[in-house]
**Student:** 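Below is a structure I'd like to ask you about.
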Amino acid sequence: MFNALSKQPVDKIMQLMHMFREDPRENKIDLGVGVYKNAEGVTPVMRAVKAAERQLWEEQETKAYVGLAGDPVFADAMVDLVLGDAVRRQQVAVVATPGGTGAVRQAFEMILMASPQARVWVSDPTWPNHVSILKYLGIEIVTYRYFDAETRAVDFAGMMEDLDGLRAGDVVLLHGCCHNPTGANLTLPEWQQVIDRMNAVGATPMIDIAYQGFGDGLDADAAATRLVASSCPETLIAASCSKNFGVYRERTGLLMAVSQNEAGKALAQENLTSLNRLNYSFPPDHGARVVTMILTDDKLRADWAAELEETRLGMLRLRESLAGELQRLSGSDRFGFLAQHRGMFSLLGTTPELVERLRAEHGIYMIGDSRMNIAGLNDETVPILAKAIIDVGI
Ligand code: LMR
C-alpha cells in the first residue's frame, strides 16, 4: 500500500533548516526559520516560563485530560491578550490547538464544514504553509497583491484592486501584525478600508496573529485584529504563543471564532470542539498552562512583558543597524525599508539566484524568496551580512 504514496512537495523553510544543520562551515549564519535567537544565538526559555514551569512541577497533581476545547482559563486569558475589550467575551468561541499552525488548520477545516465552496484569499506572498494546507484540504485559493517590489512596502493600491474581485462567502486571510514573510504591514486606516470592502460584499476575515509583541508592542500589534473583530459580523483568529512566549516545541495556540451573538458563538463552539475531537482529541496542555499561569499572575506577567519588550527592542536595533550599515556601504537609502519593516522578518526583495550566492559564497542562509530572520543576527554578523549583500550585487 505504501508504494502507492507519492513524493510530497518540499517545505522550503524546513528544507533550509536541514541544509543549515548539514553545513560544516563554522561562520555560517542562520536567517532561516522563524525562531527568535538572542545575541549568543540561543533561543532562551523566557524567565517567566521557567518560573511557571518550576511552580507547575511542584503543584501539578494530575495529568488527566483537561477538556476538548482546552482550559477555559487559558481561553479567557488569551482572548483578553489578543482582543482586549474589542468584543464581548460571550461572542467568542475558543479552542486550544497545537500551536498556531493547529489553529490555522482548524480554521480552514471549519471554513470547509461551513461552506465547502468558499474561496480563501491569501496575500502574495504569504507563509508557505497557508498555501500548502489549503491545497491539501482542496480549498480554492485566490491571491491578492501585497508587496511592492520597488518600495518593499505594502502595495496597497494593488491589494485593493485585487480585492475588487471579492465575492460574498469568500474568506480573506490577513496577518494581524508582523507580516510573514515580508515584514511590511498595513496602517490602521488601510485596515479600515479592507474591512469596509469585506463588509460591503459579505466576505469573512481570518486573521493569523503569530507575532504579537514582536512589532510595535503587545497592544499596538493587536490593534488591527481588534478593529477587524469589532467591525465585521464574523471573524476567525488563529493565534500562536510559540514566539511571544518562546514555547515553540510545546505547541501552544488557539483558534477564536467571533460571532455576532451568543447563538452564533454556541454553534461555532460546538463545531470547533468537535473538530478538536476529530483531529487529535484533547489539545496539548503544558504550554497552555504555563501561558495561563503567566497571564493570570501579576508578577509573572510583568516579567514576561518586560522580557518580550527587550526582545522586540533588540530586533528593532538590529534592523536599524543593518539599514545603517547598508546605507554606509551602498551610499544610498535603498535599504531604508529594513528599519520600517516590523517583526522577525524582512523580505529583501531579491532573486533566488542571489539568495543562493549568499548561501554558497558567504554561508548566509535565508529563504529562497529572500526572507530573512532579523533575530538570527547580532552585532558581529550585521556588518558581515551587509558586506555580503553588497558583494553579491543586491
Ligand atoms: C516560519 O515562518 O519560519 C515559522 O512560522 C516556522 C514555521 O513553522 O514555518
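In listed order, ligands and their atoms are each counted from 1.
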**Student:** Assess Asn129 for proximity to ligand 1: is some non-hydrogen atom of it under 4.0 Å away?
**Tutor:** no
**Student:** Quick check: do Pro205 and Glu234 have side-chain heavy atoms less than 4.5 Å from each other?
**Tutor:** no
**Student:** Among all protein heavy atoms in this structure, tell me which lies nearest to atom 6 (C) of ligand 1, with the distance rounded to 0.1 Å.
**Tutor:** Val33 CG2, 3.8 Å
**Student:** Which of the listed options, Gly34, Pro128, Ala210, Gly99, holds the heavy atom that is closest to atom 3 (O) of ligand 1?
**Tutor:** Gly34
**Student:** For atom 5 (O) of ligand 1, grab the closest protein heavy atom and report residue, atom and distance to one decimal in Å.
**Tutor:** Lys243 NZ, 3.2 Å
**Student:** Can you name the atoms of ligand 1, numbered from 1 with element, that are less than 4.0 Å from a heavy atom of Tyr211?
**Tutor:** 4 (C), 5 (O)
**Student:** Less than 4.0 angstrom from a charged side-chain N to a carboxylate O is my criterion; do Glu58 and Arg54 meet it?
**Tutor:** no
**Student:** Would you mind checking which non-hydrogen protein atom is closest to atom 8 (O) of ligand 1, with the distance to 0.1 Å?
**Tutor:** Trp127 CZ2, 3.7 Å
**Student:** Is there side-chain contact between Asp297 and Trp304, with heavy atoms separated by less than 4.5 Å?
**Tutor:** no
**Student:** Any ion pair linking Asp369 and Arg371 (charged N to carboxylate O, less than 4.0 Å)?
**Tutor:** no
**Student:** Can a non-hydrogen atom of Tyr248 be found less than 4.0 Å from any atom of ligand 1?
**Tutor:** no
**Student:** Atoms of ligand 1 less than 4.0 Å from Asn180 heavy atoms?
**Tutor:** 2 (O)
**Student:** I'd like to know if the side chain of Thr126 pairs up with that of His175 as donor and acceptor (distance under 3.5 Å, no hydrogens or angles considered).
**Tutor:** yes
**Student:** Distance to the ring centre below 6.0 angstrom and angle to the axis at most 45 degrees; does that hold for Lys28 and Phe20?
**Tutor:** yes
**Student:** Hey, is Arg371 one of the residues with a heavy atom under 4.0 angstrom from ligand 1?
**Tutor:** yes
**Student:** Taking NZ, NE, NH1 and NH2 as the nitrogens, is one of them in Arg342 or Asp221 under 4.0 Å from a carboxylate oxygen of the other?
**Tutor:** no
